[in-house]
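Every chain is numbered from 1 and lettered A, B, ... according to where its sequence line falls, protein lines coming before strand lines.
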Number of protein chains: 2
Amino acid sequence: MAGGKRERLVEGARLAFHENGVEATTLADVAAIAEVPVGNVYYYFKTKHALVEAVIADHARLVSEALDGLDGQRGPRERLKAFVAAFAGNGAMAARFGCPQGTLCSELDKQSGDLRVACSELMRLPIDWARRQFEALGRTDADELAHALIAAYQGMSLLTNTFGDPALIQREGKRLDRWIDSLAETS
Amino acid sequence: MAGGKRERLVEGARLAFHENGVEATTLADVAAIAEVPVGNVYYYFKTKHALVEAVIADHARLVSEALDGLDGQRGPRERLKAFVAAFAGNGAMAARFGCPQGTLCSELDKQSGDLRVACSELMRLPIDWARRQFEALGRTDADELAHALIAAYQGMSLLTNTFGDPALIQREGKRLDRWIDSLAETS
DNA sequence: GTCTATATTTAGATAGAC
DNA sequence: GTCTATCTAAATATAGAC
C-alpha cells in the first residue's frame, strides 16, 4: 500500500470498514493492512472515532471526484445514465460487500451524533448531484426523483449483497435506464 | 416485558439489535431489557450467535404474519398498495432506526456464513410475496418488479434513517402507489 | 517521529452454589 | 431451573524508550 503512513491508514481503514464493518474492524487490523505498527496508529489518530471521521471525509472526496467525472457527458439524461452505468458496473463489489457509503451510513446511523451528521452529508452528495440533473431536465419533482434514484441504487445494493448476486443490480441498471429515457423534459 | 424468559430474551434482543446494532449490543444489555440475570442468558442460548439466529427466526415469523395479514385485500394491486401503506406508515421508526430486517441484513452480511443464509431467507419473504402479486397481475417481469419494489423500500428506509426524516418514505409511498396504479395488467 | 510493551476496560463465556 | 461470581480473551488506549 503506497503513500505516507496517514494516507495508508485512512485507505486501509476505508477498505477494512467496507469489507468487515466499522465495529468489527480493530485498529490492529487497520495497522496490519497499512503496514504500520499498532501503537503508531495513535500518533496519527487520537482515537478510533477520529479515524472513522477521516474515513468518511475520504469517502466524500472519492464520491465528489466520481461525480465530477460524470459531468463530462453532454446532457443531464446522459449524465444520469452514466451514473447508473457506473454503479451497475460495480455489481461484483456490491455482491460481496454492498455499497461502501450505504453500508457505512447504515452502521454509523446507530452510533454517536457527529458521525451521523458526517454520514448524512456524505449521502447528500449523490442526491444533490442527481437533483441538479433532474432540474436541468426541467422537472419540478427533481428532489423526489433524486431521492428515488439513490434509494433504488442503495436498496438494490443491499439486495445484491444479501443474495450475493451481481445480476440483480445489473438488471436494475437497465430498468433505471428505461425509466430515465421515459421521463418527460418537463413535469 | 411479558412472556417466558426465552421469549423475553428474543424480543429484547430483537429490539436492541434494531436500535443499536448486533455487534454493539451486549448480552448484558439484552438481559437487562428482558429482566433476566446476565449469567442466565446462557441457559437459554449457548452463545450470542445462537441468540442472533433466534432473533432472525423471530423476524421471519413477524414478517410472514404481516404479509399474511395483507392477503385479506381483494386483488393483487390492492395488496401491493396495502404493503406500501404499511411501511410508509412506519416512517417514524424508519427515521430513528431504519428497517428492522434491512439493517440486520446489512450488518450480518459482513459476518459468518450461516447468518448470511438466514438473512437472505428473511429478505426473500417479502420479495417472493411481491412477486406473487405481480404474477397475479399477469406480469412476465414479476421477479424484476418485486425486487425493484423491495429495493425501493429498503433504499428509502436507509435515506429516511440517514436524514432522520419520516417524510421521505411517506413521499416514496405515494410515488409507488402511482407506479402500481400505472402498471398494465399484463406485460 | 517511531515503535514496543503494557495498562485498562469490557465483552463473551463458564463454574458451581442453591 | 436460577443466579452470583469469576475467568479468559481481545480491543482501545497509553507510557515511555529510542
Expressed as a whole number of angstroms, how long is the span from K46(B):NZ to dG1(D):P?
16 Å
From the set dA13(D), dC3(D), dT2(C), return the single nucleotide nearest to any side-chain atom of N40(B).
dC3(D)
By nearest heavy atom, map V38(B) and L27(A) onto DNA chain D; which one lands nearer the 5' end?
V38(B)
Can you measure H49(B) atom NE2 to dA11(C) atom C1' for me and round it to whole angstrom units?
18 Å
Testing dG1(C), dC3(D), dG1(D) for proximity to the side chain of Y43(A), the answer is dG1(C)
Stretch residues 2-24 of chain A: residues that reach within less than 4.0 Å of DNA chain D through a heavy atom
none
Minimum-distance nucleotide (side-chain atoms of Y44(B) versus dT2(C), dT12(D), dT2(D)):
dT2(D)
For Y42(B) and dG16(C), what is the distance between atoms OH and P respectively, to the nearest whole Å?
18 Å
Would you say the side-chain atoms of S187(B) and T140(B) include a donor-acceptor pair closer than 3.5 Å?
yes
Gap between atoms CZ and P, on F45(A) and dG1(C) respectively (whole Å)
13 Å
If hydrophobic clusters are built from ILVMFWY residues whose side chains come within less than 4.5 Å, do V38(B) and Y43(B) share one?
no
For the pair D141(B) and R175(A), find out whether any cationic side-chain nitrogen is under 4.0 Å from an anionic carboxylate oxygen.
no
Taking NZ, NE, NH1 and NH2 as the nitrogens, is one of them in D58(A) or R14(A) under 4.0 Å from a carboxylate oxygen of the other?
yes
Please test E65(B) against R61(B) for salt bridge (Lys or Arg N to Asp or Glu O under 4.0 Å), starting from the C-alpha separation and ending with a verdict.
CA-CA 6 Å; E65(B) 286 177 8; R61(B) 179 183 62 79; 3.3 Å; yes
Taking S106(B) for the side chain and G102(B) for the main chain, is one N or O donor matched with an acceptor at less than 3.5 Å?
no
